[in-house]
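Here the structure comes first, spelled out in structure tokens, and everything after it is commentary.
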Amino acid sequence: LAETLSVLDVIVAVAGTGGILLMIAYATLCDRI
Amino acid sequence: MTLIGWLEIGLILALVFAAAIPLGRYMAAVVEGRVTWLLPVERGFYALAGVDPKTEMGWRGYAAALLVLNAAHFLLLYAMLRLQQYLPFNPEGVGPMSPRLALNTAMSFVTNTNWQAYSGEQALSYGSQMWGLTVHNFLSAATGISAAVVVARAFARGGLKTLGNFWVDLTRVTLYILLPLAVLVAIALILCGVPQTMGTSVEATTLEGVKQLIARGPVAFQEAIKLLGTNGGGFFNANSAHPFENPTALSNVLETWCEIVIPFGLAAMFGHVVRDRRQGFALFWVMALVMVACVVWVYAAEAAGNPLLTALGVDPSMGNMEGKEVRFGTPLSALFAVTTTATSDGAVIAMHDSFMPLGGMVPMFLIEVGEIVPGGVGSGLYGIVVFALLSVFVAGLMVGRTPEYLGKKVQAREVKLAMLAVLILAMCILGGTAIAINTSSGQGSLNNAGPHGLSEMLYAWSSSTGNNGSAFAGLSADTPLLDYGLAIAMLLGRFAFMVPVLATAGSLAAKPKLPPSAGTFPTYGPLFIGLLIGVILIMGGLQFLPALALGPLAEHYSLLAGKTF
């Protein structure tokens, strides 16, 4: 596994997952409209 | 254009419209809990997941559950694509995807886009195709339908803050609608000759004596949900133009039918859920009229052929055949190009990059207006409801009354949320194209110069933002700029549109349902249908006509002047 995965994987996986979860914050903003 | 061509198109559309209406009635029964033939299985899932099916959620809870599930699935799919060489069902020994391509692909399949910056038969193991992509074809389709169901319920309810239970909707949509249909279609495709095997590639000797590896695999089941779920990601790079994905005339009829039957059925379902079937049929008519007009446009453009080739003495009777399968010809290729972009499917049987400029412009425009005629599974229905809200708002402005839609007052909040959703799409498509086309990386991805090059880039951002997934295939998409940039566009195009729609649903559900009065604008007659079509076309035109003028329209007039790119 160590040969395949890298720091870039952590960054990319966190960015993708975090991007979708960030939509929950966006929903909070929509609620204030 | 030929009579046979029109008959082929007419037959397929008639089969779709005939099936969509009873399917809509069935889907309404499913989402209202009246279909129970798999109740023990359904209850088993709830027990396993610890879900109380009687607990209802408000719009924020519903959106949060939807987003958390999709985020978890993104992570799961990303890990599968990066670690596929360690996972089972990899008889060809396919290695891992690169991190950026895995990001792009995972986001693509979670968002129902199925943009493919890779060649499926070379880059993916059978395990990744089955557990990764096929599972997410179901999940993303069920997510979209669930969001559409919430919007329909919002109009059916009055003075309530809850909209249903996401886990129940997701489970029921998958169990009672997507899975049974997908199994039936997959069996039909196998009977047509589509492979469903775990065997490895086979070696064949060509007539010239050359050895050739012929890829195969578990294609049929992925093919079925690829079309029914308006996902579009092909097992093979050539997608539904590949003879193993779409081997016969009959399989092509079935595949085209699958692309649009659920989206049209959802319009009919809408009428049942809001307890006024006329409302569903009004949306159905809008979808059908715009889609059929687009089929006529594209068929006419492709059947006319390329005037420069005609001037060289090439027989124009078959039309523009570059990038098309001879077995499908111009009519079926034109129909499929429209059905795949009028929905969010993105499967192809012909290369859109090779269409005549005016023929290629229509698929691009259909994606840009939001794929709402009839649209992706679920996303098409909630998308057209957004435009319906804007239409009654425009009508209200004209006569000076507070607009209403289905007994709900449409006020500032709903209109602001609707405009937020619409403008997100334009921002991603036009902003992304403008940034990409002005970088050396973006220009390096283009296969053609001039307006056709702009069309390639514009189509890529339109397709990703609209969660379509088809491409003007000349573009080299596996670059850092496009892998990362288009992944962001897919994310925003899916969820930054869906969240304000769910917020609108929450707002509408909480309002009392008003009885119709003498001053109520009827939203089921020809006047409303015409108004809604006008709003869709005018808003699409205002946002995208300048970009289309620089791309396909400029290319069309250059072609007439004898210049190609």
Inset, instruction - May I ask you to test the Val68(B)-Ile24(A) pair for a side-chain heavy-atom distance under 4.5 Å? - result: yes

Legend entry - Proximity breakdown for Leu5(A) and chain B, heavy-atom pairs closer than 4.5 Å: both

Legend entry - Tyr484(B) atom OH: more than 12 heavy-atom contacts under 6.0 Å: yes

Inset, instruction - Locate the shortest heavy-atom distance separating Phe495(B) from Tyr26(A); write the atom from each residue and the value. - result: O-CE2, 4.2 Å

Inset, instruction - For residues Glu414(B) and Ile33(A), determine if any side-chain heavy atom of one lies less than 4.5 Å from a side-chain heavy atom of the other. - result: no

Legend entry - Portion of Pro96(B) that has a non-hydrogen atom of chain A nearer than 4.5 angstrom: side chain

Inset, instruction - Measure Arg60(B) against the heavy atoms of chain A and call it side chain, backbone, both or neither at under 4.5 Å. - result: side chain

Inset, instruction - Quick one: closest heavy-atom pair of Ala13(A) and Leu75(B), and the distance? - result: CB-CD1, 3.7 Å

Legend entry - Check: Leu8(A) and Arg100(B) side chains under 4.5 Å, non-hydrogen atoms: no

Legend entry - Over 12 non-hydrogen atoms of neighbours within 6.0 angstrom of OH in Tyr126(B): yes

Legend entry - Met23(A) and Leu491(B), any side-chain heavy atoms less than 4.5 Å apart: yes

Legend entry - Region of Tyr78(B) that comes under 4.5 Å of a non-hydrogen atom in chain A: side chain

Legend entry - Which atoms of Ala496(B) approach chain A - backbone, side chain, both or neither, heavy atom under 4.5 Å: both

Inset, instruction - Can you tell which part of Leu420(B) gets under 4.5 Å to a heavy atom of chain A, answering side chain, backbone, both or neither? - result: side chain

Inset, instruction - To the nearest 0.5 angstrom, please state how far the CG atom of Asp9(A) sits from the CG atom of Leu103(B). - result: 10.5 Å

Legend entry - Within-4.5 Å side-chain heavy-atom neighbours: Leu67(B) and Leu22(A): no

Inset, instruction - Would you name the heavy atoms of Trp59(B) and Cys30(A) that are closest together and state the gap between them? - result: CH2-CB, 4.4 Å

Inset, instruction - Kindly give the heavy-atom pair with the smallest separation between Phe74(B) and Ile20(A), and that separation in Å. - result: CB-CD1, 3.8 Å

Legend entry - Selection from Val499(B), Thr111(B), Asn70(B), Ile488(B) maximising heavy-atom pairs under 4.5 Å formed with chain A: Val499(B)

